[in-house]
Each structure stands twice: as structure tokens, then as C-alpha cells.
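Written below as C-alpha cells is the structure these notes are about.
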Number of protein chains: 2
Amino acid sequence: MDMLIHGRAYEQTDRGPRFKPCAPNSVLARLGDKWTILVMSHLAVATGHRLRFSALKNGIEGITQRMLTLTVRNLERDGLLTRHYFPEVPPRVEYELTEMGASMLPALEGFTSWIKDNWPRIAEHREAYDERQT
Amino acid sequence: MDMLIHGRAYEQTDRGPRFKPCAPNSVLARLGDKWTILVMSHLAVATGHRLRFSALKNGIEGITQRMLTLTVRNLERDGLLTRHYFPEVPPRVEYELTEMGASMLPALEGFTSWIKDNWPRIAEHREAYDERQT
DNA sequence: CGGTATCCAGGGCGATACTG
DNA sequence: CAGTATCGCCCTGGATACCG
């Protein structure tokens with residue numbers, strides 16, 4: 001059994017604790033990619049947590065068909081949303097947050113609200129830092 | 001003034017709300033990179049939220065000098081930690097979470113604890129999904 | 001000790017064209 | 001409408017060598 005600090009596995013070494021490469025990172029890496037949060041946010045506020053492909057595409061400025069497809073595929077792979085395919089002509093596809101996907105929203109919300117509160121200071125810091133380099 | 005849904009800016013279009021590319025993503029992109037969370041976690045549990053370069057390096061399995069340098073530089077740029085340089089021989093450098101950096105910990109903790117709780121299910125989903133593709 | 005500088009491989013992402 | 005297929009750029013991140 002691993003020892004845990006703040007929910008992350010680590011091992012004791014002679015020089016102190018050493019964290020192991022962690023699962024949280026693999027999930028945050030998904031959320032940190034270019035489009036995932038925007039897709040999740042859109043589904044979060046949609047009625048029934050459910051939207052069709054074209055609604056997502058129109059709702060997210062700048063996303064291409066290819067990137068939207070890849071993004072929802074990855075979310076589907078993680079079990080955070082399900083894909084509903086209706087073989088009509090023209091075809092219709094709807095994406096819906098799973099129970100697990102919806103259960104992530106409060107944590108996501110906690111994080112984005114922190115970011116919202118602190119974003120101005122972060123942007124200031126970046127600007128000041130970049131200026132110092134020139 | 002932008003309208004907001006869940007703290008994210010959007011504009012009304014004739015087909016419904018459209019989110020704009022968002023600041024949260026730019027911050028989560030940092031956290032989602034390969035090493036940032038591990039660095040933050042280490043500083044989070046360190047006494048005084050403060051560690052020297054070599055301690056971070058030894059504490060994070062697999063990180064290279066170059067990547068640790070880049071990671072702490074980016075965090076410093078965002079104002080989440082400060083760099084303390086001591087011009088001794090050999091030189092010593094310590095990194096310390098700023099107040100803002102420390103204020104991020106609860107939100108980070110909320111997220112990682114959700115991930116910890118749900119990681120087994122996510123891993124299952126990924127495995128099942130990948131199997132279906134073969 | 002705590003960095004830079006340089007080189008390189010792989011993957012993320014965009015643009016575009018085609019399809020059931 | 002909701003995708004695939006293909007191409008190509010750029011950026012992340014690893015390996016290695018050198019420096020104050």
C-alpha cells in the first residue's frame with residue numbers, strides 16, 4: 001500500500017518523500033488541453049446536460065470539426081460523457097454527461113472560480129515578468 | 001461587460017450562447033502540463049511551503065533539471081511562487097509558494113480528491129474503450 | 001549547485017478535402 | 001450532419017553537454 005500526502009502516492013527515500021508520477025496529472029492533462037473545459041462547460045449548462053454535435057460546434061468559437069470530434073471521443077473514453085447516435089437522414093448525434101461527468105462539475109467549478117478570482121493578478125504577474133525579461 | 005455562465009464569458013448568438021476562449025484554460029493548461037502539479041504538491045506539504053531546487057529535483061521521480069527549471073520559471077511568472085537566490089558557494093536557491101499560490105491549494109485539493117475517488121472508474125472506462133477499438 | 005544551450009523525436013492542433 | 005483522411009507546422013519535453 002502506498003503512503004499518501006494530499007491523496008497522492010509517494011515513497012520514503014533517504015532524502016525525504018518522493019512523489020510518484022500521478023493519476024491526477026493524467027486527468028488534468030485532459031482538462032488542460034485546448035477544448036475540453038469548453039465542451040464540459042457547455043454540457044454543464046445545457047438542459048439535460050445534453051447537446052448535439054452541431055450545437056457544441058456552434059457554441060465554441062474557433063473549434064474545428066476534427067478537434068471537437070477528438071475532444072468528445074476522449075471524454076467518452078474516460079466515461080465522462082456518452083454518445084447517442086440516431087441513424088436518421090441527415091444523422092443526428094447527441095452528447096450527454098454521464099453521472100460521473102456531472103459529479104465532476106462542482107470540483108471543476110471550485111477551480112474555475114478560484115481562477116476567475118485570481119486571473120487579474122496572474123495576468124499582471126505575467127506581464128510584469130515578461131517586461132523584466134526585455 | 002461579458003455575460004457569464006459558471007464564471008466563463010460568453011456571447012449570445014442566434015443559435016444560443018457561445019463561450020469565448022477562456023482564461024481558466026490558460027491556467028489549467030499550466031497545471032495540466034507534465035510536472036507542475038507535482039511541484040505544487042511538494043511545496044504544499046513542505047514546511048514553510050518552501051524547498052530548495054535540489055529537494056524538488058530529488059523529490060520528483062524522473063524530472064530533468066531542464067524541465068524543473070522551466071516548471072518553476074512558469075510558476076514564478078504566474079506569481080504562484082517566488083525564487084530566493086543565495087549567492088553562496090555552492091549557490092543555493094529556494095522556492096516558496098506565494099500567498100496566491102497557497103490560496104490555490106484548497107481548489108487543487110478539491111479537484112485531486114475527486115480524481116482520486118473516480119480514477120479507478122476512469123481507468124476502467126479507458127481500458128474498456130480501448131479494447132472495443134481492437 | 002543550479003542552472004543554460006543545443007539538438008532531436010513525438011504529439012497536439014489547424015487546414016483542407018472527402019464521405020455515408 | 002457528423003464525421004474520416006491526410007498533411008504539415010509548431011511546441012513540449014527528453015538527452016546531453018557545458019557554465020558561473
Side-chain angles (χ1 to χ4, degrees), chain A residues 15-16 21-22 25-39 42-43 50-78 81-96 129-130 132-133, chain B residues 15-16 21-22 25-39 42-43 50-78 81-96 129-130 132-133:
Chain A
R15 309 205 211 180
C22 59
N25 186 70
S26 124
V27 177
L28 279 166
R30 279 260 63 78
L31 293 165
D33 73 8
K34 192 159 180 186
W35 302 109
T36 299
I37 292 183
L38 288 166
V39 169
H42 252 272
L43 288 170
R50 189 164 173 151
L51 287 172
R52 55 187 300 179
F53 187 88
S54 51
L56 283 168
K57 177 142 176 28
N58 291 322
I60 299 173
E61 190 176 331
I63 196 169
T64 61
Q65 225 164 32
R66 172 183 139 83
M67 288 316 297
L68 179 54
T69 302
L70 289 175
T71 302
V72 291
R73 285 290 182 284
N74 279 320
L75 287 170
E76 189 191 7
R77 176 171 179 261
D78 286 359
L81 58 75
T82 49
R83 180 176 183 271
H84 302 280
Y85 175 71
F86 303 91
E88 312 161 355
V89 273
R92 175 168 52 104
V93 177
E94 294 180 355
Y95 293 95
E96 183 189 15
Y129 184 94
D130 292 346
R132 253 175 273 133
Q133 306 310 309
Chain B
R15 311 204 210 182
C22 58
N25 185 70
S26 123
V27 178
L28 279 166
R30 279 261 63 79
L31 292 166
D33 74 8
K34 195 160 181 187
W35 302 108
T36 298
I37 293 182
L38 288 167
V39 169
H42 253 271
L43 288 170
R50 189 163 176 152
L51 287 172
R52 57 189 298 182
F53 187 89
S54 52
L56 284 168
K57 178 143 176 28
N58 290 322
I60 299 173
E61 190 174 331
I63 198 169
T64 61
Q65 224 165 33
R66 172 182 138 84
M67 289 315 297
L68 179 54
T69 301
L70 288 175
T71 302
V72 291
R73 286 289 183 283
N74 279 320
L75 287 170
E76 189 191 8
R77 176 171 180 261
D78 286 358
L81 57 74
T82 48
R83 180 175 183 269
H84 302 280
Y85 174 70
F86 302 91
E88 312 162 353
V89 272
R92 174 168 53 104
V93 175
E94 294 181 356
Y95 293 95
E96 182 188 16
Y129 184 94
D130 293 345
R132 253 175 272 133
Q133 306 310 310

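Residue numbers begin at 1 in each chain, while the letters A, B, ... track the order of the sequences. This is a predicted model, so every value here is computed, not measured.
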With a 4.5 Å limit on heavy-atom distance, are the side chains of [X] and [Y] in contact?
X: A:Phe86; Y: A:Pro91; result: no
X: B:Leu38; Y: B:Ile63; result: no
X: B:Glu94; Y: B:Leu51; result: no

* Applying side-chain contact (heavy atoms from CB on, under 4.5 Å), name anything that partners B:Asp33, two or more places apart in sequence or on another chain. =>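 For B:Asp33, the residues satisfying side-chain contact (heavy atoms from CB on, under 4.5 Å) (neighbours in sequence not counted) are B:Arg30, B:Thr36.
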* To do: Hey, which sits more toward the 5' end of DNA chain D by its nearest nucleotide, A:Arg73 or A:Pro91?
  =>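 The answer here is A:Pro91.
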* To do: List the protein contact pattern of nucleotides 7-17 of chain D with one symbol per nucleotide (5' to 3'): B for base contact, S for sugar-phosphate-only contact, - for none; contact means a heavy-atom distance under 4.0 Å.
  => ------BBB--
* Asked: CG/A:Leu31 to OG/A:Ser26 distance, rounded to the nearest 0.5 angstrom?
  ->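 OG of A:Ser26 is found 10.0 Å from CG of A:Leu31.
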* Yes or no on side chain to side chain contact (heavy atoms under 4.5 Å, CB included) for B:Ile60 and B:His42, after CA distance, side-chain angles and deciding distance? -> CA-CA 8 Å; B:Ile60 299 173; B:His42 253 271; 3.9 Å; yes
* Looking at residues at least two apart in the chain, or sitting in another chain, which of them share a salt bridge (charged side-chain N to carboxylate O under 4.0 Å, His left out) with B:Arg77? ->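 By the salt bridge (charged side-chain N to carboxylate O under 4.0 Å, His left out) rule, B:Arg77 matches A:Asp130.
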Donor-acceptor pairs under 3.5 Å, side chain of residues 65-73 of chain B to any protein atom, not counting sequence neighbours: which ones?
residue	atom	partner	partner atom	Å
B:Thr69	OG1	B:Gln65	O	2.9
B:Thr71	OG1	B:Met67	O	2.7
B:Arg73	NH1	B:Tyr95	OH	3.4

* Nearest-Å distance, NZ (A:Lys57) to P (D:dA2)? ->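 Whole-Å distance recorded here is 11 Å.
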* Value in whole Å for how far the C1' atom of D:dG3 lies from CZ of A:Arg83 ->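 Atom-to-atom, A:Arg83 to D:dG3, this comes out as 8 Å.
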* Quick one: label A:Tyr95 by what it contacts on the DNA or RNA (base, sugar-phosphate, nothing), any heavy atom closer than 4.0 Å. =>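 Sugar-phosphate, no base atom in range.
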* Taking five pairs at each end, how big is the angle between the two axes of the helix from C:dC1-D:dG20 to C:dG20-D:dC1, to 10°? ->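 Rounded value for the end-axis angle: 50°.
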* Which nucleotide of DNA chain C is the first, and which the last, in the 5' to 3' direction, to come under 4.0 Å of a heavy atom belonging to chain B? ->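 Under 4.0 Å from chain B, the extent on DNA chain C is C:dC1 to C:dT6.
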* With sequence neighbours left out, write down each residue that passes side chain to side chain donor-acceptor pair (under 3.5 Å) with B:Glu88, or none if nothing qualifies. =>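 Testing B:Glu88 for side chain to side chain donor-acceptor pair (under 3.5 Å), a comparison that skips the adjacent residues, returns B:Arg92.
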* **Which residues share a side chain to side chain donor-acceptor pair (under 3.5 Å) with A:Thr82, sequence neighbours left out** =>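 Applying side chain to side chain donor-acceptor pair (under 3.5 Å) to A:Thr82 gives A:His84.
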